[in-house]
Number of protein chains: 2
Amino acid sequence: MDSAPPVPPSLPSSSPWLPFESRRRARDEKREAVLRAAVQLFLEQGYHRVTLNEVAERLNITKPALYNYFRGKDEILFECWSMGAELVDSVITEINGGGGSGLAKLRKLVHAYAALMATDFGASLVRFDLRDLTERNAAVARASKKRIDATFRRYIAAGTADGSIRPCDPKLAAFAIAGALNWIGHWYRRDGELSPSEIADEFTVRLTEGLATESRQQMTKKTPGAPQRRNSGRTTAGKKRTGGGTR
Amino acid sequence: MDSAPPVPPSLPSSSPWLPFESRRRARDEKREAVLRAAVQLFLEQGYHRVTLNEVAERLNITKPALYNYFRGKDEILFECWSMGAELVDSVITEINGGGGSGLAKLRKLVHAYAALMATDFGASLVRFDLRDLTERNAAVARASKKRIDATFRRYIAAGTADGSIRPCDPKLAAFAIAGALNWIGHWYRRDGELSPSEIADEFTVRLTEGLATESRQQMTKKTPGAPQRRNSGRTTAGKKRTGGGTR
DNA sequence: ACTTTTTCTTACCCGTGGGTAACATATCGG
DNA sequence: CCGATATGTTACCCACGGGTAAGAAAAAGT
């Protein structure tokens, strides 16, 4: 729990860094506790119906205490949103780091993203209204969303280029897949019949089976390294400019 | 503004019914005008950020005048939602009336539903928060949503039964398809690059190709006689042709 | 022990916006 | 032309909730 900070034992035990660090950590923990309480309430009742008094009450403090950690209600909302965005970002970084065909990467992303949608911070990505944020924060959030969307399209485009995915419009295919995934955040219930892993597994299959070049077959962990291209023509030629976000 | 009531000149002008009817119709037209203005503002800015004064202002009246037609803000929201629900219901009734395999019916539903998501009242189905309604109205809305979801599952189940759809879990398949469709209501923009019919066509293919037993092949354009926009420009670069601004 | 800094509470402000009351004005049947 | 009904306006109420000021209480530093 408390990993000893790199304090040389030769130093007097009165090192000012330890208290400082522990204090900062305590503060961060409290800050995060606020976010956990807030995100739960926001998802449960909706941002506008949750009062800061309620958030504070759940933490056994009073409303003004919250202002020690956040500038205002909308910043709390934004930080919740950011927590979710960071989760997605780390997933993407992880996948980018690994190898595999475009289809393989897409499947990894679908699987992880589906599981994320079943978490509070993950769901907040799609259930919070960016218009509740300040313009500055909203811009950050929009940029984040755009990067995520671009990742879906990039994997799909890469898949059509390497032959693992049939030719299709990456933009619309990404919309369809991301839409189905995002919607999980709206219907998933902790006390429901479906477990997050069940959902993730099933969606991974269902959302990509229509795209794969290799016809239906068990998609094992190992994606065949050399998928025979049934479309031996210059598949890359069909690649449409996807990168260009017009906005 | 005041379209002359269709009064046949042959009838005696003293018929009590015509004035009554025309009056009631005028009232209904105004009521609907309120809904059109409201749904637009709600989608644009979000329910909680729209004031009744704004709605009234757009109609060149004042806030209390709205109370001649609605009991309160939440009822306006509900009526907007209901307009969308009725559109879906009529689509379903139409499809149920016709024949075809489970897959065929599913495709018709996907196509019509996708197009609906690109309309104001259609989008309101998925972008309004049911928790803003009274408990009574929310119950009605939930029931409606449930019926729609059940229809998706029924078509899928019917498809697996008649062999047009491969075996799968109807519940999760319906979630995936409905999710992708519902998400249209969140990203579609009138001034975007994609026309509603393009979206509907593409989603019809993309969302069902993984389910069909018969492998890929052109699914012929036996799309139902939905009044398609004459925007038959084949290229994806559909111009930002957006006709009549209802304003 | 003392000061200083951080944290939290009590008490309050006040803009906002849904909703209402009272009154004015068309509209209609007769 | 005249009441009755519908429709709309001006002026107001007031609950709600985000945000702040001032100071107590608890840690931390010395």
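A, B, ... follow the sequence lines: proteins, then strands. Residue 1 opens every chain. These numbers were taken from a predicted model, which means no experiment stands behind them.
Whole-Å rounding puts the Leu66(B) CG to dT20(C) P distance at 13 Å. Between Ile61(A) atom CD1 and dA25(D) atom C1' the separation is 15 Å, expressed in whole Å. Rounded to whole Å, atom C1' of dC8(C) lies 16 Å from atom CZ of Phe70(A). Separating the CG atom of Asn68(B) from the C1' atom of dT9(D) is a distance of 11 Å, rounded to the nearest angstrom. Atom CG in Leu59(B) sits roughly 11 Å away from atom P in dT9(D) (whole-Å rounding).
Contact annotation for Tyr69(A): backbone-only contact, meaning every heavy-atom pair under 4.0 Å involves sugar-phosphate atoms and none involves a base.
At the phosphate of dC8(C), neither OP1 nor OP2 sits under 4.0 Å from any side-chain N or O atom of Thr62(A). OP1 or OP2 of dT7(C) has not a single side-chain nitrogen or oxygen of Lys30(A) nearer than 4.0 Å. Regarding contacts with the backbone of dA6(D), every side-chain N or O of Arg27(B) stays at 4.0 angstrom or more from both OP1 and OP2.
Among pairs with a residue in residues 68-85 of chain B, those fulfilling side-chain hydrogen bond (donor to acceptor under 3.5 Å, both in side chains) read Arg31(B)-Glu79(B), at least two apart in sequence or across chains. Evaluation of the salt bridge (Lys or Arg N to Asp or Glu O under 4.0 Å) test over residues 175-185 of chain B, restricted to residues two or more places apart or in two chains, returns none.
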Could I get a table of every N or O pair under 3.5 Å where one atom is in the protein and the other is in nucleotides 17-24 of chain D?
residue, atom, partner, partner atom, Å
dG18(D), OP1, Val50(A), O, 3.4
dG18(D), OP1, Lys73(A), NZ, 2.9
dG18(D), OP2, Leu52(A), N, 2.9
dG18(D), N7, Lys63(A), NZ, 2.9
dG19(D), OP2, Tyr67(A), OH, 3.0
dG19(D), OP2, Lys73(A), N, 3.0
dG19(D), O5', Tyr67(A), OH, 3.3
dG19(D), N7, Lys63(A), NZ, 3.0
dG19(D), O6, Lys63(A), NZ, 2.7

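Rounding to the nearest 0.5 Å gives a distance of 8.5 Å between CZ of Arg153(A) and CG of Leu172(A).
Listed by chain and number, the residues in a ring pair (Phe, Tyr, Trp, His ring centres under 6.0 Å) with Phe175(A) are Trp187(B) (sequence neighbours excluded). When the ring pair (Phe, Tyr, Trp, His ring centres under 6.0 Å) test is applied to Tyr155(A), no partner is found at least two apart in sequence or on another chain.
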For residues 131-140 of chain A, dump all side-chain donor-acceptor pairs below 3.5 Å to protein atoms at least two apart in sequence or in another chain.
residue, atom, partner, partner atom, Å
Arg131(A), NE, Asp129(A), OD1, 3.0
Arg131(A), NE, Asp129(A), OD2, 3.2
Arg131(A), NH1, Leu43(B), O, 2.9
Arg131(A), NH1, Glu44(B), O, 2.7
Arg131(A), NH2, Asp129(A), OD2, 2.9
Asp132(A), OD1, His48(A), NE2, 2.9
Asp132(A), OD1, Arg49(B), NH1, 2.2
Asp132(A), OD2, His48(A), NE2, 3.4
Thr134(A), OG1, Asn137(A), N, 3.2
Glu135(A), OE2, Arg142(A), NH2, 2.7

